[in-house]
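Working notes, structure below.
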Amino acid sequence: MNTDGLRPDRFDREGHDQLVDVRDLQAALPGIHRLRTWAQEALALAPGERAVDIGSGTGSEVFAFADAVGPTGSAIGVEPDQNLLASAQRRATELGAHAEFHPGDAYGVPFRANSFDAVLCERVFQHLTTPLRAAREIERVLRPGGRAVVMDVDWGTAILHPGARDITREVIETLLASTTNPLSGRRLPGLLTKAGLEIDDIGSHALVQERAAGAGSLVTKISAMAVARGRITEAQRGELLAELARGAETGDIHLSVTMFAVLAHKPEAG
């Protein structure tokens with residue numbers, strides 16, 4: 001994913017042009033990988049099953065699906081970004097992977113109802129203006145008894161320490177204001193339930209910035225946005241970054257956000 005700027009139309013043309021991603025939080029990637037491992041284990045794909053990753057990016061999880069379902073199954077990625085789609089298709093060819101990639105998005109998965117045994121959707125709902133529509137699309141394409149894992153960040157869980165409380169609050173509020181659906185993580189169980197799915201388990205992981213990184217890319221970007229929007233002054237931003245740098249030297253620093261993963265299934269017709 002391009003963390004220099006997420007195009008607003010990748011998932012939702014009406015959404016904010018989100019300029020940050022959890023990968024801006026240094027050391028976030030191992031945490032994401034741990035949740036992905038949890039997701040793959042929770043979905044427990046078997047040979048011959050059909051699985052789809054909605055918002056599949058460059059296809060890493062689809063290739064894991066392909067290994068699990070084997071040549072008798074189907075591993076499919078759905079991705080609206082043509083560049084990412086082309087990259088995933090090239091990788092599939094290079095790897096000789098039994099994987100398919102199709103254009104589509106969270107509002108329109110290009111397959112009929114009851115098509116899949118398993119659905120994965122990671123870091124998509126935070127970009128959506130109408131996330132319930134996406135939850136209902138997941139329910140639509142799942143067969144009865146099929147399972148889904150939906151993963152997303154809840155930016156409302158962000159912790160920024162040290163720093164004056166009023167300044168850190170304004171920086172976090174800027175982060176929330178620049179995200180289309182910033183509290184996505186906490187809303188996932190309710191959305192999936194409302195769409196007709198039943199919740200089986202919830203996992204989470206606090207993505208914690210490495211102390212030595214100081215402010216890191218995430219806070220550097222968001223604090224600059226807070227200045228541009230008039231929420232804090234440049235002098236206040238400078239003091240915050242200096243405090244974080246001092247905190248990195250003394251060990252008195254904590255920057256984190258929590259990502260949630262929800263496992264659900266579609267009830268059997270009764």
Side-chain angles (χ1 to χ4, degrees), residues 10-12 15 22 32 34-57 61-62 64-65 68-69 73-80 100 102 104-157 179-205 258-270:
R10 182 182 173 208
F11 300 116
D12 193 325
V22 291
I32 293 172
R34 281 190 284 273
L35 273 183
R36 284 177 172 174
T37 298
W38 181 92
Q40 293 282 352
E41 292 175 351
L43 290 174
L45 288 170
E49 290 194 309
R50 289 174 54 83
V52 62
D53 182 5
I54 301 171
S56 54
E61 299 313 288
V62 181
F65 285 171
V69 302
S74 297
I76 294 169
V78 171
E79 171 58 50
E100 303 174 23
H102 299 266
D105 59 30
Y107 296 146
V109 178
F111 292 89
R112 70 182 190 280
N114 305 319
S115 289
F116 295 100
D117 299 289
V119 173
L120 175 67
C121 188
E122 178 193 326
R123 286 182 297 152
V124 171
F125 275 54
Q126 65 181 292
H127 301 283
L128 303 179
T129 57
T130 53
L132 180 58
R133 181 180 167 192
R136 286 174 170 156
E137 184 69 352
I138 290 173
E139 189 277 340
R140 182 187 71 81
V141 299
L142 270 179
R143 66 164 180 79
R147 57 270 187 214
V149 169
V150 183
M151 300 168 54
D152 219 329
V153 171
D154 189 315
W155 292 108
T157 66
T179 306
T180 302
N181 183 19
L183 306 182
S184 176
R186 72 188 67 179
R187 298 186 64 199
L188 293 176
L191 289 166
L192 296 174
T193 299
K194 193 169 184 178
L197 302 179
E198 294 184 2
I199 306 304
D200 298 305
D201 199 3
I202 300 175
S204 67
H205 200 287
T258 301
M259 177 177 269
F260 294 91
V262 179
L263 171 66
H265 73 274
K266 183 173 180 174
E268 298 280 358

Is there a side-chain contact between [X] and [Y] (heavy atoms, below 4.5 Å)?
| X | Y | result |
| --- | --- | --- |
| L142 | L197 | yes |
| L35 | E122 | no |
| L120 | R36 | no |

Results of ring-ring contact (aromatic ring centres under 6.0 Å, His included) for F125 - residues two or more places apart only: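 Testing F125 for ring-ring contact (aromatic ring centres under 6.0 Å, His included), a comparison that skips the adjacent residues, returns none.
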Contacts of type ring-ring contact (aromatic ring centres under 6.0 Å, His included), residue F111, not counting sequence neighbours: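 Residues passing ring-ring contact (aromatic ring centres under 6.0 Å, His included) with F111: H102, F116.
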Output the distance between atom [atom1] ([X]) and atom [atom2] ([Y]), rounded to the nearest 0.5 Å.
| X | Y | atom1 | atom2 | result |
| --- | --- | --- | --- | --- |
| L132 | K194 | CG | NZ | 5.5 Å |
| F260 | D154 | CZ | CG | 5.5 Å |
| C121 | L128 | SG | CG | 7.5 Å |
| E268 | R143 | CD | CZ | 6.5 Å |

Salt-bridge contact E139-R136 (side-chain N to carboxylate O under 4.0 Å):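 Salt bridge: no.
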Residues that Q126 engages under side chain to side chain donor-acceptor pair (under 3.5 Å), provided they are two or more places apart: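 For Q126 the side chain to side chain donor-acceptor pair (under 3.5 Å) partners, ignoring immediate neighbours, are Q18, D152, W155.
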Residue from I199, T193, L191 passing side chain to side chain contact (heavy atoms under 4.5 Å, CB included) with V262: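 Single pass found, and it is I199.
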Passing option when V119 is tested against V141, V109, L43 for side chain to side chain contact (heavy atoms under 4.5 Å, CB included):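 For V119, the side chain to side chain contact (heavy atoms under 4.5 Å, CB included) check succeeds only for V141.
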Tell me the closest heavy-atom pair linking [X] and [Y], and the distance in Å.
| X | Y | value |
| --- | --- | --- |
| A261 | M151 | CB-CG, 3.5 Å |
| E79 | G57 | OE1-N, 2.8 Å |
| I202 | P189 | CD1-CG, 3.8 Å |
| P144 | N114 | CD-OD1, 3.7 Å |
| H127 | D12 | O-CB, 3.4 Å |
| F11 | P80 | CD2-CG, 4.3 Å |

Any residue meeting side-chain contact (heavy atoms from CB on, under 4.5 Å) with T180, in chain and number order, not counting sequence neighbours: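 T180 satisfies side-chain contact (heavy atoms from CB on, under 4.5 Å) with H16, T129 once adjacent residues are dropped.
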Those residues that, when tested against A42, pass side-chain contact (heavy atoms from CB on, under 4.5 Å) (two or more places apart):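 Once residues adjacent in sequence are excluded, the partners of A42 under the side-chain contact (heavy atoms from CB on, under 4.5 Å) criterion are W38, V149, L263.
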Name the atoms and distances for all side-chain donor-acceptor pairs under 3.5 Å in residues 45-55, with sequence neighbours left out.
unit_1	atom_1	unit_2	atom_2	d
E49	OE1	A46	N	2.9
E49	OE1	R147	NH2	2.6
E49	OE2	R147	NH1	3.1
E49	OE2	R147	NH2	3.4
R50	NE	S115	O	2.8
R50	NH1	S74	OG	3.2

T258 side chain to T157 backbone, donor-acceptor under 3.5 Å: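 Side chain of T258 to backbone of T157, a donor-acceptor pair under 3.5 Å: no, none is there.
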